[in-house]
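Just so we're on the same page: letters track the sequence lines, and every chain starts at 1. No hydrogens, no waters, no symmetry mates; every other heavy atom, side chains included, goes into these values.
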There are 2 protein chains.
Amino acid sequence: MDDKSERVTIGGLAKAAEVNVETIRYYQRRGLLNEPVRPAGGIRYYGSADIARLVFIKTAQKLGFTLSEVSDLLRLDDGAHCVEASELAARKLHNVRGKIDTLKRIEELLSEMVTRCHTQQETVACPLISSLYKGVGIL
Amino acid sequence: MDDKSERVTIGGLAKAAEVNVETIRYYQRRGLLNEPVRPAGGIRYYGSADIARLVFIKTAQKLGFTLSEVSDLLRLDDGAHCVEASELAARKLHNVRGKIDTLKRIEELLSEMVTRCHTQQETVACPLISSLYKGVGIL
DNA sequence: CTTAGCCCCGTAGTTAGGTACGGAGTCAAG
DNA sequence: CTTGACTCCGTACCTAACTACGGGGCTAAG
């Protein structure tokens, strides 16, 4: 049980979680990660729970949660708030679906413009530039 | 030909293009819109070309172009650079498709998590929270 | 015991795209 | 000719999530 993942310095924690040292401090200032007690003029030591917490944060971020939402999720991590947590995720999911729809519409528009530029037959002006001046309807 | 869209003040231009006056000034500072000459201690007047330019900027932005890309597009608007413009759009399209793929993957993950929380049968811990601690593979 | 390499802490800067503020000058209606 | 709305200009502030810097202290290896 002499695990090296216990008793690491902030630099070791940063390496283990693949984040910047400054990022860790930033998370501490934001209250996402707590600062271990500092032994009177010494340095702070971190353990595997801190690494796990950083993994949690990074994962949630990858899924599109903001740091303030990550705070909320961490507060809901007490074994009694699964419903609230999943509601938060459901809202995020809704939000993600909206973004997908918007991006699909953009994809349509862009690919049509690119195609028209490519198959430029009789056209005088650049179809892409003209479209931008004309504006796009739904968006 | 006494069109009101000629000779409008910056406030009128802002109203016509539905942007903030400060935004117009910001675009001028960024070189996206030029400042008409100011008649010695008087005020500047704008015309329909300026409105068109703002429409162009807003449309390009909606399609996901950054203001610096919008600058590029405006520079390519001389009737001789359709190819370059469409290449820029093609890169953006590629980029949009990448974003869609990522978001679809996120959608999958989130909806699975939400479902597992909802149909929580024998599980002890919240499936969502557990997943966040475990991390997600591809992303 | 020295010294290189960390750690601590506070503050400031970065990117993107604006938004806000404030004092001085100007324009147009009444 | 006054008054109220608007313009001009510079500078500062905003969000989000970091990233950088710098002076001073501590720690571990040789």
request  = Quickly work out the A/I24 CD1 to C/dC6 C1' distance and round it to whole Å.
outcome  = 13 Å
message = If the cut-off is 4.0 Å, is B/R25 near the phosphate of D/dC8, judged by side-chain N/O to OP1 or OP2?
response = yes
ask   = Given atom CD of A/E69 and atom P of D/dA17, what is their separation to the nearest angstrom?
value = 9 Å
message = Ignoring hydrogens, what is the shortest heavy-atom contact between A/R30 and A/S68? Give both atom names and the distance.
response = NH2-N, 3.6 Å
message = I want to check one thing: is the phosphate of C/dG18, taken as OP1 and OP2, less than 4.0 Å away from some side-chain N or O of B/Y27?
response = yes
key: Closest to side chain of A/T9, choosing from C/dC7, D/dC8, D/dA17   = C/dC7
inquiry  = The side chain of A/L67 is closest to which nucleotide in this list: C/dG18, C/dG10, D/dA17?
reply    = D/dA17
ask   = Tell me: CD of A/Q28 to C1' of D/dC18, nearest whole Å?
value = 14 Å
ask   = Any luck finding a side-chain donor-acceptor pair between A/D77 and B/Y133 under 3.5 Å?
value = yes
task = Let me know the distance between CG of B/N20 and P of D/dT7, rounded to the nearest Å.
result = 12 Å
request  = Ignoring backbone atoms, test whether B/T23 places a side-chain nitrogen or oxygen under 4.0 Å from the OP1 or OP2 oxygen of C/dG17.
outcome  = no
request  = Please check the phosphate of D/dC18 (OP1 and OP2 only) for any side-chain N or O of A/Q61 closer than 4.0 Å.
outcome  = yes
task = Between C/dT11, C/dA20, C/dG17, spot the one nearest the side chain of A/R29, thanks.
result = C/dT11
Separation of C/dG17 C1' from B/K62 NZ (nearest whole Å) = 16 Å
ask   = Hey, which of these two, A/I43 or A/R30, hits DNA chain D nearer its 5' end, going by closest nucleotide?
value = A/R30
ask   = Which part of the nucleic acid, if any, lies within reach of B/T66 when heavy atoms closer than 4.0 Å are counted: base, sugar-phosphate only, or nothing?
value = sugar-phosphate
ask   = Rounded to whole angstrom units, what separation is found between the OH atom of A/Y45 and the P atom of D/dC26?
value = 13 Å
ask   = Is A/R38 near enough to C/dC9 that one of its side-chain N or O atoms lies under 4.0 angstrom from OP1 or OP2?
value = yes
C/dT26 OP1/OP2 closer than 4.0 Å to side-chain N/O of B/R44 = no
request  = Side chain of A/E22 only, please: which of D/dT7, D/dA20, D/dG10 is the nearest?
outcome  = D/dA20
request  = Kindly indicate whether the side chain of B/Y27, heavy atoms from C-beta on, has any atom under 4.5 Å from the side chain of B/I57.
outcome  = yes
task = Measure across A/I129 and B/A85 and return the closest heavy-atom pair with its distance rounded to 0.1 Å.
result = CD1-CB, 4.3 Å
ask   = Do B/K104 and B/E108 meet the salt-bridge criterion of a basic N to acidic O distance under 4.0 Å?
value = no
key: 5' precedence on DNA chain C between A/K15 and B/S68 (nearest-nucleotide basis)   = A/K15
query = Which whole-number value in Å describes the distance from B/Y26 OH to D/dC9 C1'?
reply = 17 Å
ask   = Pairs in or reaching into residues 57-96 of chain A: which pass ring-ring contact (aromatic ring centres under 6.0 Å, His included), with residues at least two apart or in two chains?
value = none
Atom pair distance, as rounded to whole Å: CG in B/L13 and P in D/dC8 = 11 Å
